[in-house]
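Note sheet for the following structure.
Labels below follow one simple rule: chain letters A, B, ... track the order of the sequence lines, proteins then strands, and each chain is numbered from 1. Excluded from the calculations below are hydrogen atoms, water molecules and symmetry mates; all remaining heavy atoms, backbone and side chain alike, are included.
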Amino acid sequence: MKKLLSIFLIILITSSLSACSWNDPQATSDDGVFKVTMVPDLGGINDQSFNQSAWEGLQKFKSEQQNVEVSYMESKQSSDFALNLDRLSDGNYDLIWGIGFSMSDAVYDTAKINLDKNYAIVDYSYGNETPNNVTGVMFRSQESAFMVGYVAAKTTKTNKIGFVGGMKNSIIYQFEYGFKAGVLYAAKEMGKGIEVVSQYAESFTDAAKGKAIASKMYSDDCDVVFHAAGGVGYGVIEAAKDKNKFAIGVDRDQSSIAPDNVLTSALKNVGQAVDLVSKRIMNGESLGGTTQTFGLKEGCVGIPVKNKNMDPQIYNETIRLSQSIVDGNIKINNKEITIPYDYPSYLEYISTFS
Amino acid sequence: MLNDILPILGTMLMYSAPLIFGALGGVVSERSGVINIGIEGMMTFGAFMGAAVGYYSGNPWIGFLAGGVAGALLSALHAIASISFNADQTISGIALNLIGPGLSLFLCRVMFSDQTVTYPVQNKLPKVFGSIDITVVIALVLTAFIWFILYKTKWGLRIRAVGEHPAAADTLGVNVYAIRYVSVILSGLLSGFGGAAMTLAVVSQFSPAAISGQGFMALAAVIFGKWTPFGAYGACLLFAFAQALTVNLGGVNFVPSEILNMLPYVLTIVILVLFVGKSVAPKADGVPYEKGMR
């Protein structure tokens, strides 16, 4: 009986296996429909952050174009990234997105195997190593950080401002040095000295630590603290609420967390970039092997339109400033400057003041 | 001088509260002979339910209780698997660590219009003495309470007996299964409180990363504290103190923050080696009890 059962099971299993391969015709990409799919980072597509933004970007792409299909595949854990990318690569997709730098290895490895597919990754650049079928998408976050730095400097009454970073990497440096540069710019404009203290939590998740760091900053006389630290930021904003000071959010408009204490947010509109790049690839532009950067000019970074805690005057000045960043004619001592994105470029930036 | 110490103490107390609840849960469960490595999962579920019920009821105390009940419900699964069905307690605990976050995320999407974070609660748990979370006080009171139960009452003696030698306890008429069930569920209740202390006192909403490693730190505190309530309490304070020190020494340029952030772990190892010495688990910890077993 047992033997009979096992034979039956073996037949069942093998037939179901072969059924899989039989019923999976490799439809070509030439069916007239442009299919785009994405693998979001761990938060899933409703994380109120960049995954959600990316998915909204794809939906916008779909609503504006003819013959487009969009979809996504969520991962339960980071080890599923490669698996999901691999699975999607076997389907007939024209473009596969990986959302977030934590997917960089998975996208790279998958792209190396499936040379006939197009990939794109958000927040990561492979530099010269970029495979020919991968497009890197980066943001000039230093531009929005510069803007909120300017706002912070114009708002502070104690002339002391804080910055809380998650972990030290090039993405967070964009925020830190862009922010410091913005503060310095406003300080020079007003002719006063403003100090920026910065501290790293060495975590993107530990909200308690964020709260502790921000509390310390507020006790040390900071009255505005900007965070670029993911989940740690919940603690930073909480500390602002407890001490009734200001915090500045990141990536999305975080004012809903503490309506009276979030001054503004340094937005990163991932969706806009996803939409733009998808459109260009669909129109036959060959972006493979390149890294595209998006900033204020493309509408991919910025600050929210509504900031109920911000002086309207400061808002107008900041928008004027952002316009000159877009136009590329932001000047100090009649010298054109580029907004710093890391320590060396920040030193260069400082030197233009003297 | 005092102005330097007070912020460190404040941070230490804030940091320690959720850990203490989780560690007490661990102590209660392990003293009865059931390993509970699912503290992280129960804390996560408690954190979610605390924030969700706190938001919908508008009352943080109802939320706090709901967090505890949520943890207890989850631990009941662990109790059934490991006590009634003699399952491997480590595996069952790992299952809790997978179920807790998964269930929280799922319910969060159902209850909060498809989002993975809850809305912030309108009212947080109150503060005492100016800026100290009330959960800090509750944690201390509960530690004393658990100590009293374990060492000064008949019930406590039975819990410890069941954890050391269940067969002997059984021969003397102690219902091993009932004691273990109560202990494990109590452990879930305490861990759930710990999670809720995080989302109702430290921050005011649940996000998927709200509990990230606190459950495992609590577990370490149980062992560090030699399976005693006050030992675990002290261990939690020590971890929290090290974190507070890291935070307060940070922001200076001459020590890289990566080095500074190693401090809690280095301190733990040093104290473990120099002062704590050998810690011995309850003898029957992790061993499923079957009647007639010797």
Side-chain angles (χ1 to χ4, degrees), chain A residues 40-49 51-52 74 76-77 162-168 196-220 222 229-239 241-243 252 254-259 261, chain B residues 3 6-8 10-19 47 98 101-102 105 108-109 112-117 119-120 124 127 131 133 197-199 201-214 240 243-253 256-262 264:
Chain A
D41 208 338
L42 288 184
I45 59 146
N46 295 102
D47 64 344
Q48 282 205 320
S49 188
N51 289 324
Q52 186 164 351
E74 290 180 323
K76 280 190 282 295
Q77 54 212 23
F163 170 80
V164 179
M167 284 177 185
K168 289 180 178 166
V196 181
V197 289
S198 86
Q199 189 166 345
Y200 279 79
E202 297 302 333
S203 161
F204 280 111
T205 52
D206 194 341
K209 202 159 182 185
K211 192 179 178 185
I213 293 174
S215 299
K216 188 190 99 184
M217 287 176 169
Y218 290 127
S219 318
D220 289 349
C222 293
V232 172
Y234 286 110
V236 173
I237 293 171
E238 200 66 34
K241 208 154 83 178
D242 276 5
K243 306 243 169 179
R252 64 185 174 95
Q254 293 192 307
S255 58
S256 66
I257 300 174
N261 300 94
Chain B
N3 282 339
L6 278 181
I8 297 186
T11 302
M12 176 183 90
L13 291 176
M14 175 196 80
Y15 217 99
S16 66
L19 297 182
L98 296 175
L105 223 52
C108 191
R109 289 190 173 192
F112 292 89
S113 52
D114 234 15
Q115 293 186 149
T116 49
V117 293
Y119 302 129
K124 289 169 70 183
K127 289 182 186 300
S131 63
D133 291 324
M198 190 73 199
T199 49
V202 178
V203 291
S204 50
Q205 67 195 128
F206 170 84
S207 62
I211 302 293
S212 49
Q214 278 89 346
Q243 284 289 5
L245 214 56
T246 307
V247 165
N248 277 272
L249 293 178
V252 286
N253 289 325
S257 62
E258 292 89 343
I259 302 283
L260 212 52
N261 277 279
M262 282 160 49

Would you indicate whether the side-chain heavy atoms of [Y] and [X] approach each other to under 4.5 Å?
X: S219(A); Y: P7(B); value: no
X: K209(A); Y: T246(B); value: yes
X: Q254(A); Y: I237(A); value: yes
X: L19(B); Y: Q214(B); value: yes

Which bit of [X] is near chain B, if near means a heavy-atom gap under 4.5 Å: side chain, backbone, both or neither?
X: K168(A); answer: side chain
X: S203(A); answer: neither
X: A201(A); answer: backbone

Highest number of heavy-atom pairs under 4.5 Å with chain B: which of [options]?
options: F204(A), F163(A), Y234(A); answer: Y234(A)
options: G235(A), A212(A), A239(A), G231(A); answer: A212(A)
options: M217(A), E74(A), Q52(A), K243(A); answer: E74(A)

Relative to chain A, which segment of [X] carries a heavy atom at a distance below 4.5 Å: side chain, backbone, both, or neither?
X: Q205(B); result: side chain
X: A240(B); result: neither
X: S207(B); result: side chain

>> Please enumerate all residues that pass salt bridge (Lys or Arg N to Asp or Glu O under 4.0 Å) together with K124(B), with sequence neighbours excluded.
In response: E238(A), D242(A)
>> Which residues pass the side chain to side chain contact (heavy atoms under 4.5 Å, CB included) test with T116(B), not counting sequence neighbours?
In response: D47(A), L105(B), R109(B), P208(B)
> Rounded to the nearest 0.5 Å, what separation is found between the CD1 atom of I259(B) and the CG atom of L249(B)?
Replying inline: 13.5 Å
